[in-house]
Protein chains: 2
Amino acid sequence: MVFSKSFGYALRGLLYVAMINETSPRVQLDEISKKLAVPRYFLGKVMKKLVKGGVLKSKKGPYGGFYIHEKTLSTTLLQLTAITGDTIMYGSCVLRFRKCNAENPCPLHRQVEFLKNEWQNVLASTNIGDLLKKNHPDFLKSIAVI
Amino acid sequence: MVFSKSFGYALRGLLYVAMINETSPRVQLDEISKKLAVPRYFLGKVMKKLVKGGVLKSKKGPYGGFYIHEKTLSTTLLQLTAITGDTIMYGSCVLRFRKCNAENPCPLHRQVEFLKNEWQNVLASTNIGDLLKKNHPDFLKSIAVI
DNA sequence: CGGATAAAAGACAGGTTTGTCTTTTTATAA
DNA sequence: TTATAAAAAGACAAACCTGTCTTTTATCCG
C-alpha cells in the first residue's frame with residue numbers, strides 16, 4: 001500500500017537533479033546517491049530508467065552526469081509510476097482481481113472506488129516542477145532525510 | 001500501491017467462512033481454496049494467521065475446519081492488514097521514509113496527507129460483517145471470481 | 001485403543017525487488 | 001591519440017513474497 005523503493009529513488013533523484021540544475025549544468029550519480037543516502041548502483045539503474053523513459057538526460061564521460069530537459073519539470077507522478085513499474089490502484093484492483101469493475105466488483109470495490117479516483121487525480125496532477133516549488137527552501141532536507 | 005496477495009486471500013477466506021457459517025458449522029480448507037480458486041497450502045498459512053490473530057477459529061480432525069466466532073464479523077480491514085503484515089499508508093510514509101511527519105515531511109507529504117487519512121477511515125470503519133451484508137446476494141461471485 | 005480426518009508445521013523452490021560489484025561503452029580534454 | 005571520467009550494462013546475491021509438497025499434531029468416531 002506504499003510506493004516501491006524504486007519509485008521513491010526515482011522521484012528524489014529527479015528532484016535533486018532538477019534542484020542542482022538551477023545552478024549547475026550536471027550532477028553525477030556519486031553525488032546524488034551520497035546526498036540522498038541511497039544505494040549507488042541501484043539508484044544508477046533507476047536513473048537509467050528515467051533517461052530511457054524520456055524524462056531526464058544523461059551524458060557519459062568527463063563533465064558528464066545527469067541533467068534535466070524541457071520535459072522534466074512537467075513529468076507527473078503518474079508518469080513516474082509507469083517508468084518504475086509501480087502498480088497503482090486506478091485501473092487495477094486493490095485485491096488484484098483481474099476482472100474487477102462495476103458489473104463484476106471485488107468485495108472492496110464500492111468501498112475504495114472514490115479513493116482510487118482521488119489517488120488518480122493527485123498522481124496525474126502533481127508534477128516535478130510543482131514539488132520543487134512547494135518544497136523550497138527546505139527542499140534538500142525533504143528529499144535527503146530518511 | 002495495492003494490497004498483498006495474502007491480504008486478499010485473508011479477506012476472501014474470512015468472508016467465505018462467514019458466509020458458509022450461516023448454514024454450516026465448519027468449512028474445510030480444501031473447499032475454501034477450491035471455491036476461491038486460490039493456492040491451497042498458501043491459503044492454509046494465511047488462515048492460520050487469522051486464527052493466531054484471534055479473528056477466526058479452527059479445529060483439527062474429523063468434523064473440523066474453520067469457523068467464525070464472536071469477534072469475526074467485527075474485524076476491520078485495518079486489523080486484517082496488521083495480521084497479513086501489509087504496510088499501509090497511514091502511520092507510515094508512502095515513500096518509505098522512516099521519519100516523515102509535518103515537521104519533517106517527505107516531498108509528497110502534503111500532497112498525500114488527506115488521502116492517507118481517508119484510507120485510514122475506510123480501513124478502520126469497514127468490517128467483515130459490513131462486507132458480508134453489502135455484497136449479498138451475489139456474494140460468492142464477488143469473492144470467487146478473479 | 002486404532003483408524004481416519006483435517007489443521008499445523010516444516011522444508012523447499014520460483015519469482016520479484018533490492019542491493020553490490022565488475023566490466024564495457026561513450027565522451028572529453030589535453 | 002591517449003588517459004580519464006562517468007554512465008550503461010552485466011553478473012551475481014540477499015531478502016521477501018508466493019506457491020507446493022511432506023510430515024506432524026490434534027481430534028473425532030467406532
Side-chain angles (χ1 to χ4, degrees), chain A residues 1-14 16-17 20 24-34 36-54 56-69 81 83-87 95-96 146, chain B residues 1-10 12-14 16-17 20 24-34 36-69 81 83-87 95-96 146:
Chain A
M1 238 25 186
V2 295
F3 291 107
S4 69
K5 288 209 170 189
S6 291
F7 178 90
Y9 295 161
L11 174 63
R12 294 160 65 202
L14 261 190
Y16 187 78
V17 174
I20 294 297
S24 176
R26 301 275 192 283
V27 209
Q28 284 81 47
L29 181 62
D30 194 59
E31 171 179 335
I32 307 172
S33 68
K34 279 174 181 158
L36 301 186
V38 149
R40 179 190 165 130
Y41 298 104
F42 190 75
L43 177 64
K45 299 189 176 180
V46 174
M47 300 299 281
K48 183 182 61 181
K49 284 185 188 172
L50 293 174
V51 173
K52 298 227 168 178
L56 188 66
K57 288 261 194 180
S58 69
K59 201 175 273 276
K60 290 181 177 180
Y63 298 82
F66 295 93
Y67 56 105
I68 69 175
H69 64 149
T81 61
I83 289 173
T84 59
D86 276 52
T87 303
L95 292 184
R96 306 186 184 196
I146 291 224
Chain B
M1 238 25 186
V2 294
F3 291 107
S4 69
K5 287 208 172 190
S6 290
F7 178 91
Y9 294 163
R12 294 161 64 202
L14 262 191
Y16 187 79
V17 174
I20 294 297
S24 175
R26 301 274 192 283
V27 208
Q28 284 81 46
L29 181 60
D30 194 60
E31 173 179 334
I32 307 173
S33 67
K34 279 174 180 157
L36 302 185
V38 148
R40 179 190 164 131
Y41 297 104
F42 190 76
L43 176 64
K45 301 193 173 175
V46 174
M47 300 300 280
K48 182 182 61 181
K49 285 186 187 172
L50 293 174
V51 172
K52 299 227 169 181
V55 302
L56 189 66
K57 289 260 195 181
S58 68
K59 200 176 271 280
K60 290 180 176 181
Y63 299 83
F66 296 92
Y67 56 105
I68 69 175
H69 64 148
T81 61
I83 288 173
T84 59
D86 276 52
T87 303
L95 292 184
R96 304 187 186 195
I146 292 225

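Below, all heavy atoms of this structure are taken into account, side chains as well, without hydrogens, waters or symmetry copies. Naming convention: chains lettered A, B, ... in sequence-line order (proteins, then strands); numbering from 1 in each chain.
In this model, the phosphate group of D:dA8 is approached by a side-chain N or O of A:S58 to a distance below 4.0 Å at OP1 or OP2.
The side chain of A:R96 sits closest to D:dT18 out of D:dT18, C:dA7, D:dA7. Considering only the side chain of B:P62, C:dT5 comes nearest among C:dT5, D:dT4, D:dC29. For B:K5, taking side-chain heavy atoms from C-beta onward, the closest of the listed nucleotides C:dT28, D:dG19, C:dC21 is D:dG19.
Sorted by first and then second residue, the pairs that involve residues 24-34 of chain A and meet side chain to side chain donor-acceptor pair (under 3.5 Å), not counting sequence neighbours, are A:Y16-A:E31, A:D30-A:K34, A:D30-A:R40.
Counting all heavy atoms, side chain and backbone alike, A:F66 lies closest to A:I32 at CD1-CD1, 4.1 Å. Contact between A:P25 and A:Y67 at its shortest, heavy atoms only, is O-CB, 3.2 Å.
Of the two residues contacting DNA chain D, namely B:G61 and B:G85, the nearest-nucleotide position lying further toward the 5' end is that of B:G85.
For A:K60 and C:dT24, a side-chain-to-base donor-acceptor distance below 3.5 Å is absent, hydrogens and geometry of angles not being considered. For a distance-only test at 3.5 Å, the side chain of B:K45 fails to qualify as a donor-acceptor partner of the base of D:dT18.
If you measure from atom OH of A:Y67 to atom P of D:dA6, you get 15 Å, rounded to the nearest angstrom. Taking atom CZ on A:F42 and atom P on D:dA8, their separation rounds to 15 Å, with Å as the unit. Straight-line distance from the CE atom of B:M47 to the C1' atom of D:dG19: 17 Å, rounded to whole Å. Nucleotide C:dA7 holds its C1' atom 10 Å from the NZ atom of B:K48, rounded to whole Å. Counting to the nearest Å, the P atom of C:dA6 and the CD atom of B:Q28 are 5 Å from each other.
The residue A:K57 sits apart from the nucleic acid: no heavy atom pair falls under 4.0 Å.
In this structure, the separation between CZ on B:R96 and OH on A:Y9 is 8.5 Å, given to the nearest 0.5 Å.
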